[in-house]
Amino acid sequence: MPELPEVETIRRSLEHRLCGVGIREAEVLLARQIKWPDVPGFVARVNGRCILRLQRRGKYLLLVLDDGSYIVIHLRMTGRLLYAAKEAVQDSYVRIVFHLENGDALYYADTRTLGAVYAMKPDELWRIRGLAEMGPEPLTAEFSADYLQGVLAGKKMKIKSFLLNQKWIGGLGNIYADEALFLAGILPMREAGSLSGMESQKLYEAVNRVIADGISEGGTTFRDYIDGDGKKGLHQENLFVYHRTGKACRNCGDSIVRTVVGGRGTHYCPHCQK
DNA sequence: CTAAGTACCTGTCCGC
DNA sequence: TGCGGACAGGTACTTA
């Protein structure tokens with residue numbers, strides 16, 4: 001569900017509530033959401049620890065604990081994190097409850113149960129391959145126009161699939177990939193290695209822009225996504241192509257088209273994107 | 001190595 | 001109202 005802007009919004013909404021707060025007891029209601037170590041090991045590692053700060057890497061959220069270890073969370077499609085005072089949250093899909101020393105609780109809820117939660121020591125983080133092998137993120141110095149042009153070179157895969165692969169760029173998902181390709185004027189089914197220098201430059205700028213706009217608007221809410229306070233995002237009001245099949249292109253007025261690229265629903269304007 | 005297809009889950013929506 | 005199929009902010013694994 002959440003992409004980089006949504007996870008960053010969640011991080012910001014939870015940070016001021018969780019920093020310096022102790023975890024009294026982790027209650028695991030659905031064992032398969034815990035990926036490392038096993039459930040008793042997870043509970044033993046987490047109980048009694050204090051949360052120092054919240055970090056984000058791509059779509060991963062990391063809770064830094066006072067012994068230097070981490071709770072690592074990936075929300076996948078429908079994971080949600082909710083902070084609630086006293087009473088339980090109104091969510092039928094709570095899978096893990098972190099009961100806090102202050103009497104409040106942090107809830108991990110997940111409808112489709114595809115999300116992943118880990119308790120990791122620093123020298124174990126390499127085990128999370130999606131985290132360890134993630135490429136640079138938008139809006140960082142490592143993600144430059146030159147970097148993008150370099151990794152695009154020779155790629156036979158479709159540009160949409162390229163953008164979704166976290167090993168090249170960390171944090172883009174289906175919404176922001178479609179939006180970035182629209183802003184850059186590039187068709188999603190184009191071969192990645194076929195982009196000109198000019199197109200590569202435009203895509204670089206578009207990726208940074210959609211991620212920055214997404215963060216500033218608190219993410220995009222279509223169905224499940226909410227931040228740690230239960231608030232929806234606003235960016236869905238400003239999308240150009242995603243979820244706008246058959247509607248008028250905001251640029252030229254033509255109908256937005258939906259197709260499937262790399263197994264994912266893909267939206268584009270056949271007039272504005274070449 | 002790259003690229004594409006499938007599996008993992010549960011819920012919603014749409015057409016018949 | 002019921003049923004089947006497509007679809008859903010993602011990634012890991014398997015196959016060519």
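Letters A, B, ... mirror the listed sequences (proteins, then strands); counts begin at 1.
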message = Between A/Gly262 and A/Arg95, which residue's closest nucleotide on DNA chain B lies nearer the 5′ terminus?
response =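 Result: A/Gly262.
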key: Closest-nucleotide 5' rank along DNA chain B - winner of A/Arg223 and A/Lys158   =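 Going by which nucleotide is closer to the 5' end, it is A/Lys158.
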ask   = Is the shortest distance from a Lys or Arg side-chain nitrogen in A/Glu191 or A/Lys156 to a carboxylate oxygen in the other one below 4.0 Å?
value =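 Yes, charged N to carboxylate O under 4.0 Å.
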ask   = In chain order, what residues pass the ring-ring contact (aromatic ring centres under 6.0 Å, His included) check against A/Phe98, with sequence neighbours excluded?
value =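 By the ring-ring contact (aromatic ring centres under 6.0 Å, His included) rule, A/Phe98 matches no residue at all.
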query = Pick the nucleotide of DNA chain C nearest each of A/Arg258 and A/Gly130; which residue has the one closer to the 5' end?
reply =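 Nearer the 5' end of the strand: A/Arg258.
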query = Between A/Val260 and A/Arg264, which has a closest nucleotide on DNA chain C that is more 5'?
reply =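 That would be A/Val260.
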inquiry  = Classify A/Thr111 by what it touches in the nucleic acid, base, sugar-phosphate, or nothing, heavy-atom distance under 4.0 Å.
reply    =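 Sugar-phosphate contact only.
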message = Categorize A/Tyr93 for me: base, sugar-phosphate, or nothing, with a 4.0 angstrom heavy-atom threshold over every strand shown.
response =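 It contacts sugar-phosphate atoms only.
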Euclidean distance, atom [atom1] of residue [X] to atom [atom2] of [N] [Å, nearest integer]:
X: A/Leu131; N: C/dG10; atom1: CG; atom2: P; result: 17 Å
X: A/Lys167; N: C/dA12; atom1: NZ; atom2: P; result: 12 Å
X: A/Leu114; N: C/dG10; atom1: CG; atom2: P; result: 11 Å
X: A/Trp36; N: C/dA12; atom1: CH2; atom2: P; result: 15 Å

Do [X] and [Y] share a hydrophobic cluster, counting only Ile, Leu, Val, Met, Phe, Trp and Tyr and linking them when any side-chain heavy atoms are less than 4.5 Å apart?
X: A/Ile23; Y: A/Leu14; result: yes
X: A/Ile186; Y: A/Tyr242; result: yes
X: A/Val210; Y: A/Phe222; result: yes

inquiry  = Measuring only the P atom in each nucleotide, how far is B/dC9 from C/dT14? A whole number of Å is fine.
reply    =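 Comparing P positions in B/dC9 and C/dT14 gives a spacing of 15 Å.
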query = Can you give the first and last nucleotides of DNA chain B, 5' to 3', that have an atom under 4.0 Å from a heavy atom of chain A?
reply =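 On DNA chain B, the outermost contacted nucleotides are B/dT2 to B/dG11.
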query = Linking Ile, Leu, Val, Met, Phe, Trp and Tyr through side-chain heavy atoms less than 4.5 Å apart, which residues share a cluster with A/Tyr70?
reply =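 ILVMFWY cluster around A/Tyr70 also holds A/Trp36, A/Tyr60, A/Leu62, A/Val64, A/Val72, A/Tyr118, A/Met120, A/Leu125, A/Ile128, A/Leu131, A/Met134.
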message = I'd like to know if A/Arg129 reaches the base of C/dA12 with its side chain such that a donor and an acceptor end up less than 3.5 angstrom apart.
response =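 Under the 3.5 Å cut-off, the side chain and the base do not form any donor-acceptor pair.
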ask   = Which heavy atom of A/Ala206 sits nearest a heavy atom of A/Leu183, and at what distance?
value =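 Where A/Ala206 meets A/Leu183 most closely, the heavy atoms are CB-CB, 3.7 Å.
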ask   = By side chain to side chain contact (heavy atoms under 4.5 Å, CB included), which residues pair with A/Ser255, not counting sequence neighbours?
value =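 With sequence neighbours excluded, A/Ser255 shows a side chain to side chain contact (heavy atoms under 4.5 Å, CB included) to no residue whatsoever.
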task = State which residues pass side chain to side chain contact (heavy atoms under 4.5 Å, CB included) with A/Thr9; sequence neighbours excluded, sorted by chain then number.
result =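 With neighbours one apart ignored, the set is A/Tyr225, A/Asp227.
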message = Which nucleotide wins on minimum distance to the side chain of A/Tyr60, given the candidates C/dA8, C/dA12, C/dG10?
response =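 Nearest to the side chain of A/Tyr60 among the choices is C/dA12.
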query = Want to know the stems of DNA chain C: at least 3 consecutive Watson-Crick or G-U pairs with distances under 3.5 Å, which are they?
reply =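 Detected stem regions: B:2-8 with C:10-16, B:10-16 with C:2-8.
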